[in-house]
Student: 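Quick one: the structure is below, and I'll ask about it shortly.
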Amino acid sequence: MKICNVVGARPQFIKYFPIYNYMKQIQTDADIRVEEILIHTGQHYDYNMSRTFFDAFGMKSPDFHLEVGSGRHGAQIAEIIRKSEEVFLQQKPDVVCVYGDTNSTLGAALAAAKLNIPLAHIEAGLRSFNRQMPEEINRVATDHMSDILFCPCRNAVDLLTREGFSQIINSGSLLDQKTGLSDFQVDTKTPVVVNTGDVMYDVLLHVKEKMARNAQIMKRFKVEAENFALLTLHRAENTNSEENFRKIVTFVNDSFRDTEIIFPIHPRTRKVMKQFPVSFTGNVKIIEPMHYFDLVALLMQSRLLLTDSGGMQKEAYWLGIPCITLREQTEWPETIESGWNTLYRDYTGNHHPLPGSRNVYGDGFASLRIIQLILNWLNSP
Ligand code: UD1
């Protein structure tokens with residue numbers, strides 16, 4: 001049995017880690033023969049955006065590197081389709097797994113679907129309902145080409161049901177990791193939707209344990225625990241529009257002038273800051289993109305997160321750090337409903353987190369469910 005994982009952009013290296021880890025575990029099991037191949041599209045190529053994640057998580061180097069690099073969306077996706085198709089034809093995987101909503105996700109999904117290779121989408125069913133976001137188009141298209149749709153939460157299952165998906169496992173509730181997996185019966189001719197929980201929670205639990213109260217990090221960035229905010233800003237809909245970019249910079253400058261803010265900057269944002277005549281006030285300290293473990297350690301010690309990242313909204317939620325999302329909408333509405341997250345246009349100066357556990361995104365065993373379900377699916381008649 002051959003499983004092919006495709007990654008290419010920063011968040012995908014992180015999402016792949018728990019899958020890689022669990023695959024490694026089961027490969028030592030004599031009863032299960034699974035070969036795993038990893039393709040890196042090369043969408044992200046800077047050391048800080050790519051290699052550092054493989055080093056930090058101790059993951060193997062990709063088996064195939066497509067080296068597509070940056071470019072216009074059409075050209076970038078076309079290169080990913082062309083080059084991943086070549087690898088699929090040569091390697092003949094039994095299933096291709098794609099992650100999240102980047103151009104790498106869509107390109108590899110199209111190549112696999114056109115070759116009729118079963119396609120599994122990890123982080124399926126999310127919607128922002130904003131087609132201006134390139135990620136929204138990537139998500140919708142990938143979901144509707146997939147055979148196995150792994151959802152991080154209940155809401156994602158419900159959205160897919162509304163879009164016409166009918167084979168929903170366990171009525172959309174999280175599968176029991178011990179009993180639910182082996183009971184899984186499926187018609188492989190019809191796309192199947194499963195609530196597995198979020199792989200990012202698997203990762204966070206792993207990293208959190210490693211980084212608990214890392215005092216070094218505070219010294220390195222010369223900040224005091226719970227006395228600073230963390231900022232990230234890189235989304236195309238924010239950085240491609242001078243108007244949106246200016247709105248966000250003005251919001252941050254006006255609302256947090258007295259707060260020390262650490263801002264690890266994405267390469268694209270650094271570029272546009274040279275073009276747009278706007279700048280942050282002096283309390284915002286711009287630094288290079290951070291090592292993921294350091295980022296989590298810093299977030300754990302911060303007082304507030306300001307971000308347009310999807311993943312970081314949830315990381316703040318899990319860690320109990322209030323978040324302000326620098327976008328017009330979010331595909332993680334549960335974080336808003338819980339009171340831990342606020343869209344920046346709704347921010348009034350206060351957060352009102354609701355009491356209760358923060359477990360809408362599963363239990364930290366998403367990767368175990370995903371691999372077991374793929375194996376069951378491949379063994380189904
Ligand atoms: C991509 C994803 C986005 C994700 C983000 C994480 C899409 C449509 N978007 O956006 O969902 O949140 O990754 O970071 O796939 N660049 C470099 N070095 C690199 C990579 C990029 O300098 O290693 C610069 C280039 O100028 C490039 C620009 O960043 O043109 C944009 O990179 P690209 O991969 O196209 O999209 P991201 O903005 O990173």
Side-chain angles (χ1 to χ4, degrees), residues 7-15 41-53 68-73 76-77 99-106 123 126 128 130 132-139 200 229-253 256 261-276 278-280 284-292 294-296 298-299 302 304-316 321 323-332 335 341 343-345:
V7 295
R10 183 169 59 176
Q12 291 164 335
F13 311 134
I14 303 171
K15 287 169 196 169
T41 65
Q43 178 175 349
H44 284 170
Y45 44 84
D46 284 355
Y47 178 80
N48 281 336
M49 301 288 286
S50 172
R51 184 71 239 172
T52 175
F53 293 93
V68 299
S70 303
R72 291 193 312 273
H73 285 228
Q76 190 180 51
I77 294 166
Y99 296 74
D101 54 18
T102 73
N103 289 348
S104 296
T105 316
L106 177 62
E123 211 180 71
L126 301 180
S128 67
N130 174 3
Q132 296 302 309
M133 290 178 70
E135 293 84 1
E136 184 73 355
I137 295 165
N138 295 346
R139 285 180 199 124
M200 287 293 284
L230 190 60
L231 166 67
T232 80
L233 180 62
H234 73 278
R235 287 276 183 180
E237 82 258 30
N238 288 333
T239 51
N240 288 353
S241 149
E242 183 171 338
E243 190 193 334
N244 287 354
F245 194 73
R246 182 187 298 279
K247 253 166 63 183
I248 290 173
V249 173
T250 306
F251 168 78
V252 173
N253 286 346
F256 301 100
I261 299 178
I262 306 284
F263 178 22
I265 194 165
H266 184 289
R268 193 233 309 270
T269 315
R270 189 183 283 285
K271 267 188 210 160
V272 305
M273 284 194 66
K274 289 188 188 134
Q275 294 159 16
F276 298 157
V278 277
S279 51
F280 286 105
V284 178
K285 185 174 168 199
I286 298 179
I287 60 169
E288 286 302 305
M290 284 177 79
H291 184 303
Y292 180 65
D294 289 348
L295 187 73
V296 173
L298 206 58
L299 180 61
S302 69
L304 176 73
L305 173 69
L306 298 150
T307 192
D308 63 356
S309 149
M312 288 193 71
Q313 293 170 48
K314 283 175 299 161
E315 282 158 350
I321 307 291
C323 173
I324 298 173
T325 292
L326 304 170
R327 288 174 40 196
E328 297 301 319
Q329 62 285 111
T330 175
E331 52 284 334
W332 304 106
T335 59
N341 192 4
L343 296 179
Y344 80 105
R345 66 173 140 82

Student: Among all residues two or more places apart in sequence or in another chain, which pass the ring pair (Phe, Tyr, Trp, His ring centres under 6.0 Å) test with H73?
Tutor: none
Student: So which heavy atom on P264 is nearest to which on I262, and how close?
Tutor: CD-O, 3.6 Å
Student: Holding to side-chain hydrogen bond (donor to acceptor under 3.5 Å, both in side chains), I want the full list of residues that pass it with S302, two or more places apart in sequence or in another chain.
Tutor: none
Student: side-chain contact (heavy atoms from CB on, under 4.5 Å) with K271: which residues, sequence neighbours excluded?
Tutor: none
Student: Identify, with sequence neighbours excluded, every residue that meets ring pair (Phe, Tyr, Trp, His ring centres under 6.0 Å) alongside Y45.
Tutor: none
Student: Identify, with sequence neighbours excluded, every residue that meets side-chain hydrogen bond (donor to acceptor under 3.5 Å, both in side chains) alongside Y292.
Tutor: E315
Student: List for me each residue that meets side-chain contact (heavy atoms from CB on, under 4.5 Å) alongside T52, sequence neighbours excluded, and say none if there are none.
Tutor: Y47, H291
Student: Can you name the residues that form a side-chain hydrogen bond (donor to acceptor under 3.5 Å, both in side chains) with T239, not counting sequence neighbours?
Tutor: R268
Student: Tell me every residue that passes salt bridge (Lys or Arg N to Asp or Glu O under 4.0 Å) with E328, counting only those two or more places apart in sequence or in another chain.
Tutor: K247, R345
Student: Return the set of residues passing side-chain contact (heavy atoms from CB on, under 4.5 Å) with T250 (not counting sequence neighbours), or none when no residue passes.
Tutor: R246, D254
Student: Quick one: salt bridge (Lys or Arg N to Asp or Glu O under 4.0 Å) partners of R327, sequence neighbours excluded?
Tutor: E237, E331
Student: What pairs with S104 under side-chain hydrogen bond (donor to acceptor under 3.5 Å, both in side chains), at least two apart in sequence or on another chain?
Tutor: T41, Q43
Student: My understanding is that only residues two or more places apart in sequence, or in another chain, count here; which of them pass side-chain contact (heavy atoms from CB on, under 4.5 Å) with Q132?
Tutor: N130
